[in-house]
Amino acid sequence: MNIYDQLQAVEDRYEELGELLSDPDVVSDTKRFMELSKEEASTRDTVTAYREYKQVLQNIVDAEEMIKESGGDADLEEMAKQELKDAKAEKEEYEEKLKILLLPKDPNDDKNIILEIRGAAGGDEAALFAGDLLTMYQKYAERPRLAL
């Protein structure tokens, strides 16, 4: 199974999850609804990136077709070549992004932690450093998760 088959399978499952989440039987079963919602949320970024990737592939085809049909119009051909160049660069970016998104998730990613920070030996400076470290970790935990 190649990467495109895997991506298509993820997209198909995402569509299936959308249908299941609108089913009244599933909505009434809170536990199942939450499980499906989590699964849907975990695949959303991958599906969005895959759909954008498919659009980039279509843009490449359109640009190549425009070059063939330019009929000697230098401006049109130049514009199409630039679009083709941009789309190919974008295609490579999406391929790398999709490879990362298809990596298996760590089961510990969704778990919480307890972190203890102590000033220990060092007096006031150690306590100030511990306070700065705590602030840094709090800000990191509060920031929204950004997609790769």
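Throughout, residue positions are numbered sequentially from 1 according to the sequence presented.
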Looking at CD of Glu52 and CD of Glu90, how far apart are the two atoms once the value is rounded to the nearest 0.5 Å? 8.5 Å
To check you understand the geometry: which heavy-atom pair defines the closest contact between Ala120 and Ala126, and what is its length? O-CB, 4.3 Å
In this structure, CG of Leu101 is separated from CD of Glu96 (nearest 0.5 Å) by 11.5 Å
Starting at CD of Glu15, measure out to CG of Leu20 and round the result to the nearest 0.5 Å. 11.5 Å
Should Lys38 and Glu35 count as an ion pair when the cut-off is N to O under 4.0 Å? no
Please name all residues satisfying side chain to side chain contact (heavy atoms under 4.5 Å, CB included) with Glu40, sequence neighbours left out, ordered by chain then number. Tyr14, Leu17, Leu21, Arg44
Applying salt bridge (Lys or Arg N to Asp or Glu O under 4.0 Å), run through Arg118 and Glu116 and close with a yes or a no. CA-CA 7 Å; Arg118 294 184 186 191; Glu116 182 178 348; 2.3 Å; yes
Using only heavy-atom distances, determine whether the side chains of Tyr50 and Gln8 contain a donor-acceptor pair under 3.5 Å. yes
Given a cutoff of under 4.5 Å between side-chain heavy atoms of I, L, V, M, F, W and Y, with clusters grown through shared members, what are the other residues clustered with Ile117? Ile113, Leu115, Phe129, Leu133, Leu134, Met136, Tyr137
Could you work out, with side chain to side chain contact (heavy atoms under 4.5 Å, CB included) as the rule, every residue matching Gln82, not counting sequence neighbours? Lys85, Asp86
List for me each residue that meets side chain to side chain contact (heavy atoms under 4.5 Å, CB included) alongside Leu102, sequence neighbours excluded, and say none if there are none. Ile3, Gln6, Leu7, Val10, Thr46
Partners meeting side chain to side chain contact (heavy atoms under 4.5 Å, CB included) with Glu69 (sequence neighbours left out): Glu65
What's the shortest heavy-atom distance between Arg32 and Val26, and which atoms? NH1-CG2, 3.4 Å
Run Glu92 and Lys97 through salt bridge (Lys or Arg N to Asp or Glu O under 4.0 Å) and show every step you take. CA-CA 9 Å; Glu92 290 178 18; Lys97 183 178 181 178; over 6 Å; no
Give the C-alpha distance, both sets of side-chain angles, the deciding distance and a yes or no for salt bridge (Lys or Arg N to Asp or Glu O under 4.0 Å) between Lys68 and Glu64. CA-CA 6 Å; Lys68 290 177 187 173; Glu64 289 173 344; over 6 Å; no
Drop me the distance from Leu98's CG to Leu103's CG, to the nearest 0.5 angstrom. 11.0 Å
Could you tell me whether the side chain of Arg13 reaches within less than 4.5 Å of the side chain of Glu39, counting heavy atoms only? yes
Has Asp25 got more than 12 heavy atoms of other residues, nucleotides or ligands less than 6.0 Å from its CG? yes
Would you please say whether a donor-acceptor pair under 3.5 Å links the side chains of Gln55 and Gln58? no
Salt bridge (Lys or Arg N to Asp or Glu O under 4.0 Å) with Lys91: which residues, sequence neighbours excluded? Glu95
Single-linkage hydrophobic cluster, 4.5 Å side-chain cutoff, Ile60 and Ile67 together: yes
Flag yes if Met66 and Leu57 sit in one hydrophobic cluster, no otherwise; membership is Ile, Leu, Val, Met, Phe, Trp, Tyr, and two members link when side-chain heavy atoms are under 4.5 Å apart. no
